[in-house]
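The block underneath contains the structure these notes are about, expressed in structure tokens.
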Amino acid sequence: MARLSVIIPLYNESTVIPELFQRLKNVLDTVVQNYEVIFVDDGSVDDTWSRVRQLADIDARFLGLRLSRNFGQHYAITAGLDNCDGDWVVIMDGDLQDQPEDIPLLFSKAKEGFDVVLARREHRSHGLFKRISSRLFWLVFNYLTGMDYDERVGNFRIISRRVLENLKVMREQLRFLGGMVSWLGFPQTTVSVRHAPRTSGKTSYTPARLWRLAQEIVIAWSDRPLRLAVRLGFAVTGIALIYGAYIVVKALVRGVPVPGWSSLIVSLYFLFGVTFVILGLIGTYLGRTFAEVKRRPLYVIMETTSRSCRQS
Ligand code: UDP
Ligand code: MG
């Protein structure tokens, strides 16, 4: 009998937890006998953790991991992945935008012979600003990485044990699970699901946080910005050479006119601007490399509801 693990990161989701628990239980009881649900409390500041503990007391198949601070959704999921023991693993958001009722769909599709089944949200129930900015981000992301990432796919998915085992070996600091799973390969497919609006609690992603995340994902997955910078360097040099030749010819033909102070200053500012941008870019990559070589743990577990847990 296949065992199913469900991993759910939670950050200040206290209000949703009772409904989440009920709906998960209703659904899972009908699909599998053998399952576990791992709630990972990503350093919530509300009473998410005490609610998770209560659930774990009521039903031993519900487990909780509590991280020592807010590490971020993908790190929380990583903690869950490291500590689950299912033959199949479902990853989903805890805010009920990913609906527990879709788990059977993912599971049955997976059993047709797919190692990865992604839930594709045909209509995303996010605000207009978020939809537009996310569309833009994925356009740029796909251009910069040369990948073909479907923006309608979020974290909601099921993966097989062998995908999980390989995923666990990938310990990079900059984590974007969608990209990591698609990098791994294995037979993958998608199913369409409905994305529910958030009924309670609120998204923890502010525009500033999304911007930082977007930057990190691009830097982690692409070195095209570096190559673009080199190209820009060449282009500016080319223009400077042509302009230089033009000045020389002009001086020879017409004699030396009044020295061109303004063009000098303008090109100076321009070139310094370009140089600083490129330096910053290189610095960013260097910084990320530094973060990787430090090899810090990806998360720190502070408390669990039961069992001994593996760290980082
Ligand atoms: N989440 C988390 N850590 C964070 C931010 C979010 O574990 O730092 C969880 C959150 O509780 C939810 C999921 O990640 O279960 C998705 O977050 P959210 O709904 O805020 O994102 P959105 O749906 O707006 O993209
Ligand atoms: Mg959400």
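Just follow the structure's listing: the first ligand is 1, and inside any ligand the first atom is 1. Computed from a prediction, not measured in an experiment: that's the story for all the values here.
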Closest non-hydrogen protein atom to [atom], residue and atom name please, with distance?
atom                    : value
atom 6 (C) of ligand 1  : S204 OG, 3.3 Å
atom 25 (O) of ligand 1 : K130 NZ, 2.8 Å
atom 8 (O) of ligand 1  : R209 NH2, 2.8 Å
atom 1 (N) of ligand 1  : Y11 CB, 3.6 Å
atom 21 (O) of ligand 1 : Y205 CD1, 3.5 Å
atom 9 (C) of ligand 1  : P9 O, 3.7 Å
atom 18 (P) of ligand 1 : R198 NH2, 3.5 Å
atom 23 (O) of ligand 1 : Q97 OE1, 2.9 Å

Identify whether the distance between the nearest side-chain nitrogen and carboxylate oxygen of [X] and [Y] falls below 4.0 Å.
X    : Y    : value
D115 : R162 : yes
K294 : E292 : no
E122 : R152 : yes
E13  : R51  : no

With heavy atoms under 4.0 Å as the rule, classify the contact between [X] and ligand 1 as side chain, backbone, both or neither.
X   : result
D42 : side chain
H74 : neither
E13 : side chain

ask   = Relative to each other, are the rings of F71 and Y75 parallel, tilted or perpendicular (30° and 60° limits)?
value =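 It falls in the tilted class, 30° to 60°.
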Can you list the atoms of ligand 1 that are under 4.0 Å from a heavy atom of [X]?
X   : value
L10 : 7 (O), 11 (O)
G72 : 3 (N), 8 (O)
N70 : 3 (N), 4 (C), 8 (O)
D95 : 15 (O), 18 (P), 19 (O), 23 (O)

ask   = Do N12 and V45 touch side chain to side chain, with heavy atoms closer than 4.5 Å?
value = yes
key: Any side-chain heavy-atom pair of L24 and F62 under 4.5 Å   = yes
message = Centroid separation under 6.0 Å, is that true for the rings of F176 and F141?
response =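 Yes, the ring of F141 comes within the 6.0 Å limit of the ring of F176, centre to centre.
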Heavy-atom gap H195 to ligand 1 smaller than 4.0 Å = no
key: Other residues, nucleotides, ligands: >12 heavy atoms within 6.0 Å of F270 CZ   = no
request  = Assess D95: does it contribute an N, O or S atom lying under 2.8 Å from the Mg ion (ligand 2)?
outcome  =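 A backbone or side-chain N, O or S atom of D95 is under 2.8 Å from the Mg ion (ligand 2).
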ask   = Hey, which of I158, V31, V116 is the one that makes side-chain contact (heavy atoms from CB on, under 4.5 Å) with L106?
value = I158
Straight-line distance of D93 CG to Q73 CD, nearest 0.5 Å =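 That separation rounds to 5.5 Å.
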ask   = Would you say ligand 1 has an N or O under 3.5 Å from any N or O of G94?
value =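 Yes, at least one N or O pair falls under 3.5 Å.
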